[in-house]
Amino acid sequence: MAIEHNERQVALLRGINVGRAKRVAMADLRKLLADLGYGEVRTVLNSGNAVFEADGVPPATSATRIEEALVLKLGVAARVTVLSAGQFGELMAQNTLAPISDASRLLALVLNKPADTARLAPLLGQPWQPEALAVGSWAAYAWCPDGVLASKVVAALGILLGDGVTSRNWATMHKLAALLNGPATAA
């Protein structure tokens, strides 16, 4: 797939601003991304979500550059997953568990390596009720009616994939999609 000039990308930083560890101000993240040469940088919430213009840089390269800069400039080690706008759109469209009444209990567990979907096959056949699990090309989707912290599906995915996955609730994913698909404006 050819990357268009100034294609928008979304970066998901794993574990940022959760508890007291890995504290990163979103203004600092926007500056870091701008200093790396990314344009129209915007952040969503205070949990390591950014949308930016990539100027032809492949998503995997963006992820590596951002991970390295986080350590060198901000002293924070965090796994970064970057998807192009097209990849993110596929991720949103492939969620067979949506629509759901409570978007805070529906998670997209975005894979750092899409090839990891093959590792999820054993989990798909398990009876998770009342929870549910679905898998797409870029993410696993988990419905957690009793809450994320009590979810057996999320726990199993965490054990299987470790830091190779980062999760966002469906409401946050919709906010990111709106930024990706809306007009580009500086944050």
Side-chain angles (χ1 to χ4, degrees), residues 1 9-24 44-50 58-68 70-71 76-177 180:
M1 172 173 115
Q9 294 180 357
V10 60
L12 306 170
L13 286 67
R14 186 175 195 278
I16 294 297
N17 297 341
V18 177
R20 296 176 196 238
K22 297 183 184 180
R23 303 302 296 172
V24 176
V44 176
L45 303 173
N46 193 35
S47 55
N49 306 297
T61 302
S62 292
T64 300
R65 290 174 65 191
I66 296 166
E67 281 182 7
E68 290 172 356
L70 281 168
V71 171
V76 174
R79 178 59 80 76
V80 178
T81 301
V82 177
L83 298 173
S84 69
Q87 293 166 337
F88 193 86
E90 288 176 22
L91 181 153
M92 295 295 288
Q94 291 175 351
N95 185 353
T96 59
L97 301 180
I100 206 99
S101 60
D102 185 350
S104 69
R105 293 176 187 251
L106 176 58
L107 293 185
L109 294 103
V110 183
L111 303 168
N112 195 269
K113 297 176 186 172
D116 281 346
T117 57
R119 295 175 58 198
L120 303 178
L123 299 181
L124 288 171
Q126 295 187 27
W128 296 108
Q129 294 80 9
E131 296 182 54
L133 172 65
V135 177
S137 300
W138 304 98
Y141 309 94
W143 167 237
C144 312
D146 296 327
V148 174
L149 295 177
S151 173
K152 292 177 183 172
V153 171
V154 172
L157 289 166
I159 290 168
L160 186 63
L161 299 172
D163 73 349
V165 65
T166 187
S167 62
R168 300 293 185 276
N169 72 38
W170 205 237
T172 299
M173 297 300 282
H174 275 284
K175 289 175 184 174
L176 288 164
L180 279 170

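Residue numbers run from 1 in the order of the sequence given.
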**Student:** Looking at CG of L161 and OG of S167, how far apart are the two atoms once the value is rounded to the nearest 0.5 Å?
**Tutor:** 11.5 Å
**Student:** Measure across A63 and V80 and return the closest heavy-atom pair with its distance rounded to 0.1 Å.
**Tutor:** CB-O, 3.5 Å
**Student:** Measuring from atom OH of Y141 to atom CG of L107, what distance do you get when rounded to the nearest 0.5 angstrom?
**Tutor:** 12.0 Å
**Student:** Any heavy-atom pair between the side chains of V10 and V82 that's under 4.5 Å?
**Tutor:** no
**Student:** Once side-chain contact (heavy atoms from CB on, under 4.5 Å) is applied, do any residues pair with K113, and if so which ones, sequence neighbours excluded?
**Tutor:** D116
**Student:** Nearest 0.5 angstrom please: N95 CG to W170 CH2, how far?
**Tutor:** 4.0 Å
**Student:** Show your reasoning for whether side chain to side chain contact (heavy atoms under 4.5 Å, CB included) applies to L111 and T81.
**Tutor:** CA-CA 8 Å; L111 303 168; T81 301; over 6 Å; no
**Student:** Minimum heavy-atom separation for M173 and L91, please, with both atom names.
**Tutor:** CE-CD2, 3.3 Å
**Student:** Can you tell me how far the CZ atom of R105 sits from the CD atom of E131, to the nearest 0.5 Å?
**Tutor:** 11.0 Å
**Student:** Identify the two heavy atoms, one from N169 and one from S104, that lie closest to each other, and give their separation to 0.1 Å.
**Tutor:** CB-O, 3.8 Å
**Student:** Write down the atom of P59, the atom of S84, and the distance for their closest heavy-atom approach.
**Tutor:** CG-N, 3.8 Å
**Student:** Does the side chain of W143 come within less than 4.5 Å of D102's, by heavy atoms?
**Tutor:** yes
**Student:** Please report the closest heavy-atom contact between V110 and A139, naming both atoms and the distance.
**Tutor:** CA-CB, 4.0 Å
**Student:** With side chain to side chain donor-acceptor pair (under 3.5 Å) as the test, pick out the partner of W138 among Q94, E90, Q87.
**Tutor:** E90
**Student:** To the nearest 0.5 Å, tell me how far I66 CD1 sits from Q9 CD.
**Tutor:** 7.5 Å
**Student:** Does the side chain of R168 pick up a donor-acceptor pair with the side chain of T166 at under 3.5 Å?
**Tutor:** yes
**Student:** Could you tell me the separation between the CG atom of L160 and the CG atom of L109, rounded to the nearest 0.5 Å?
**Tutor:** 11.5 Å
**Student:** Evaluate side chain to side chain contact (heavy atoms under 4.5 Å, CB included) for V165 paired with N112, printing each intermediate quantity in order.
**Tutor:** CA-CA 6 Å; V165 65; N112 195 269; over 6 Å; no
**Student:** List the steps, then state whether side chain to side chain contact (heavy atoms under 4.5 Å, CB included) holds for L133 with L123.
**Tutor:** CA-CA 8 Å; L133 172 65; L123 299 181; 3.7 Å; yes
**Student:** For the residue pair P130 and P145, what are the closest heavy atoms and their distance?
**Tutor:** O-CG, 3.6 Å
